[in-house]
Amino acid sequence: MKKKTSTYYIFIAFLIILFLSCALFFVTNLLSEFYNTNSFEAILFHIQTSVSGTDWAVISTYIKCIPNAVLVVVGTCIVLIFFSKKYNISIRKTSLSALGASIILFIFSVHHTLTSINFYEYADNRLDTSNFVEEHYADPGKVNITPPEKKQNLILVYLESIEASFSSKEVGGLFDKNLIPNLTRIAQDNLYFSNEENLGGALRLNGTGWTSAGLISTTCGINIQSPLSSTHIDKFHHYAYPHVKTLFDILQQTSYRERFVMGGNADFGGIRPYLESHGCISIRDVNDWISEKKIRRKERKRWGVTDKDLLEYVKQDLLQTAQDTSTPFFYCFMTVDSHTPQGRITEDCGCPFDTPYANSIECADMHMGDFYTWLIKQDFFKHTTIVIMGDHLTMNNQFITQEGDRTIYNVFINSVKKTDKAKNRQFNQLDYFPTLLSSIGFSVEGNRLGLGTDLFSETPTLYEAYGYAHINSELSKYSKFYNQELLK
């Protein structure tokens, strides 16, 4: 009886370990293929912040890994039973052999996962110390920042995952057919910063490749460097950077009215704590639309409000905001429909491409083109600078297989400052922090804030001064200054 009982437990242990191994393997491959979260930094960040409001499509794709793992387990059991009977091998011996094999498979799966998410690289970097941040950080709280006599409104638009790379090859992109014709036209008609002569943009930087990191890096001038330890997740969470002076702080202190709008959940990725820690208390997200019964509660699963509905709301909200001309406004909003894995399209968009994700990009481009056409006709436009940029590169690794530099889209419309040296620049998202202020007429002492450089100035960016590989390497290493002075 004891022997049968032990055999039973051995077999159950084998099934559990095999299932975990397969599930881990499938989830890891999914991460690598569709979400570009093969960064332990990004995974650690999201573990330590709120996942409230996560797109149901993202969750459902992970859930689909479970049936696949179950099928492998069932198939393996059938094969084992077949060979056990055919070759007259006892169930106990078969179970022991299977258990040993499953343990080896589990070890392989764990190693495969840690390799795929670059855990070993992260650990190696954290064992190496760098003083780069301390030596090059221009503290916004200490740098002399002078506002202009006549203040300009600022509208800052974050387009979900939109790359300059989505344009056609003839204008600098990676595709045969332009996925973003409207955004391309808008950039060509205005001012955009590029890493080449044609349409290009910001180069990738470690610690900036997801929505929250994109917002923080462009308004704070620092990348995300995730520590292994985490405090309790609340409004004092360390990713709010409450002791660091940001774009929101600077504009609020110079009498700007601030408004932040997103179709998704502002709690996602710690966005709300970050904004509230820096004075932006006028925040509107999917929860407001649900409470006002403007969308159904189940829409929360799909990131909430579509770009089409979001932009219609933004139009009316901007008209109301612009009525008060006594003080300038800073209006910031984020779109969501072009989020991986498949994006989302509305009924007014066509499907000219073979993949749903390409169609979602084209649809987002059409909506932004319509918004731009409306925007330039408004009375407040002549007193307003509009900056449109992608929040990060797309996370859909399967979507772009072409060789070439992938860059994040940007355009500066009606900028106070001008430059004839916007092309062939090597820069990243950190450089937008001082550049945004410069675009509305602010003067920044030394042309640098955080780790960013004003692109309207003659001052070289850190990328231009030290090289792309060196900066990414240094900003991935352990920094005592970063942990103690920035994260506190």
Side-chain angles (χ1 to χ4, degrees), residues 147-160 162 180-193 218-219 247-248 251-252 254-263 280 282-285 288-289 292 294 305-338 346 348-349 363-391 409-418 432 435-442 456:
E149 291 185 12
K150 186 175 182 181
K151 295 171 185 173
Q152 182 96 331
N153 302 318
L154 175 62
I155 297 176
L156 176 56
V157 185
Y158 289 96
L159 301 180
E160 174 61 49
I162 295 298
I180 51 170
N182 291 290
L183 289 171
T184 299
R185 174 180 55 82
I186 293 170
Q188 292 173 336
D189 290 345
N190 294 280
L191 170 69
Y192 64 92
F193 292 96
T218 53
T219 60
L247 178 68
F248 292 95
L251 294 184
Q252 184 198 55
T254 49
S255 304
Y256 274 77
R257 291 169 289 134
E258 297 181 335
R259 179 85 152 145
F260 183 88
V261 177
M262 64 184 296
C280 183
S282 180
I283 303 170
R284 186 176 177 86
D285 68 355
D288 296 292
W289 275 281
E292 296 168 11
K294 292 184 178 180
V305 185
T306 65
D307 287 359
K308 178 183 178 182
D309 292 338
L310 177 70
L311 290 171
E312 285 303 314
Y313 168 78
V314 167
K315 289 178 184 178
Q316 300 306 314
D317 201 29
L318 276 172
L319 289 175
Q320 185 175 351
T321 301
Q323 288 180 0
D324 181 0
T325 58
S326 61
T327 54
F329 64 81
F330 172 32
Y331 197 101
C332 179
F333 69 93
M334 288 181 160
T335 67
V336 293
D337 280 356
S338 45
T346 49
D348 56 335
C349 292
C363 187
D365 173 79
M366 184 194 78
H367 289 143
M368 189 49 56
D370 292 342
F371 177 72
Y372 172 76
T373 300
W374 172 87
L375 199 58
I376 60 177
K377 296 177 181 178
Q378 305 312 307
D379 292 338
F380 62 82
F381 173 75
K382 59 184 177 181
H383 304 299
T384 306
T385 296
I386 300 99
V387 180
I388 305 172
M389 65 174 74
D391 59 347
Y409 177 89
N410 77 91
V411 61
F412 286 71
I413 303 161
N414 207 20
S415 171
V416 171
K417 291 188 179 179
K418 310 295 180 183
Y432 286 133
T435 304
L436 287 167
L437 285 169
S438 186
S439 73
I440 53 176
F442 280 68
F456 286 101

With sequence neighbours excluded, what pairs up with [X] under the side-chain hydrogen bond (donor to acceptor under 3.5 Å, both in side chains) test?
X: T219; answer: Y274
X: S415; answer: none
X: N414; answer: none
X: Y256; answer: none

Distance-minimising heavy-atom pair for [X] and [Y]:
X: T327; Y: S255; result: CB-O, 3.5 Å
X: D285; Y: W289; result: O-CE3, 2.9 Å
X: A364; Y: D307; result: CB-OD2, 4.1 Å
X: V387; Y: S439; result: CG2-OG, 4.4 Å
X: L310; Y: M334; result: CD2-O, 3.2 Å
X: I283; Y: D288; result: O-OD2, 3.8 Å

Hey, mind stepping through C363 and D337 against side chain to side chain contact (heavy atoms under 4.5 Å, CB included) and telling me if it holds? CA-CA 9 Å; C363 187; D337 280 356; 5.8 Å; no
Please report the interatomic distance [atom1]([X]) to [atom2]([Y]), rounded to the nearest 0.5 Å.
X: L375; Y: I413; atom1: CG; atom2: CD1; result: 7.0 Å
X: Y331; Y: I155; atom1: OH; atom2: CD1; result: 8.5 Å
X: T184; Y: D189; atom1: OG1; atom2: CG; result: 10.5 Å
X: I388; Y: N410; atom1: CD1; atom2: CG; result: 10.0 Å
X: K151; Y: H383; atom1: NZ; atom2: NE2; result: 15.5 Å
X: I186; Y: T373; atom1: CD1; atom2: OG1; result: 7.0 Å

Under 3.5 Å, is there a donor-acceptor pair linking the side chains of N190 and Y372? yes
Considering only residues two or more places apart or on different chains, which pairs with a residue in residues 320-332 satisfy salt bridge (Lys or Arg N to Asp or Glu O under 4.0 Å)? R257-D324
Show the numbers, then the answer: is there a side chain to side chain contact (heavy atoms under 4.5 Å, CB included) between V305 and Y313? CA-CA 10 Å; V305 185; Y313 168 78; over 6 Å; no
Take N182 and I180 through the side chain to side chain contact (heavy atoms under 4.5 Å, CB included) test and state the conclusion after the steps. CA-CA 6 Å; N182 291 290; I180 51 170; over 6 Å; no
Enclosure of K418 NZ (heavy-atom neighbours >12, cutoff 6.0 Å):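 Yes, the 6.0 Å shell around NZ holds more than 12 heavy atoms from other groups.
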Is it the case that over 12 heavy atoms from other parts of the model lie below 6.0 angstrom from the CG atom of D379? no
With [X] via side-chain contact (heavy atoms from CB on, under 4.5 Å) - residues at least two apart:
X: E258; answer: F248, L251, Q252, C280, F330
X: L319; answer: Q316, W374, Q378, F380
X: D370; answer: M366

Are [X] and [Y] side-chain neighbours, meaning at least one heavy-atom pair lies under 4.5 Å?
X: F456; Y: L191; result: yes
X: Q188; Y: V411; result: no
X: L247; Y: L436; result: yes
X: V314; Y: F371; result: yes

Set out, in order, the CA-CA distance, both residues' side-chain angles and the distance that settles side chain to side chain contact (heavy atoms under 4.5 Å, CB included) for I162 and S338, then state yes or no. CA-CA 8 Å; I162 295 298; S338 45; 3.9 Å; yes
Can you spot which of K308, E160, M262, H367 makes a side chain to side chain contact (heavy atoms under 4.5 Å, CB included) with T335? E160
Using disulfide bond (SG atoms under 2.5 Å apart) as the criterion, list what pairs up with C332, not counting sequence neighbours. none
Which residues pass the ring-ring contact (aromatic ring centres under 6.0 Å, His included) test with F442, not counting sequence neighbours? none
With sequence neighbours left out, the residues meeting salt bridge (Lys or Arg N to Asp or Glu O under 4.0 Å) with D317 are R259
Does the Y409 side chain pair with the main chain of L183, one donor and one acceptor, at a distance under 3.5 Å? yes
Can you label the angle between the F412 ring and the Y432 ring as parallel, tilted or perpendicular, going by 30° and 60°? tilted
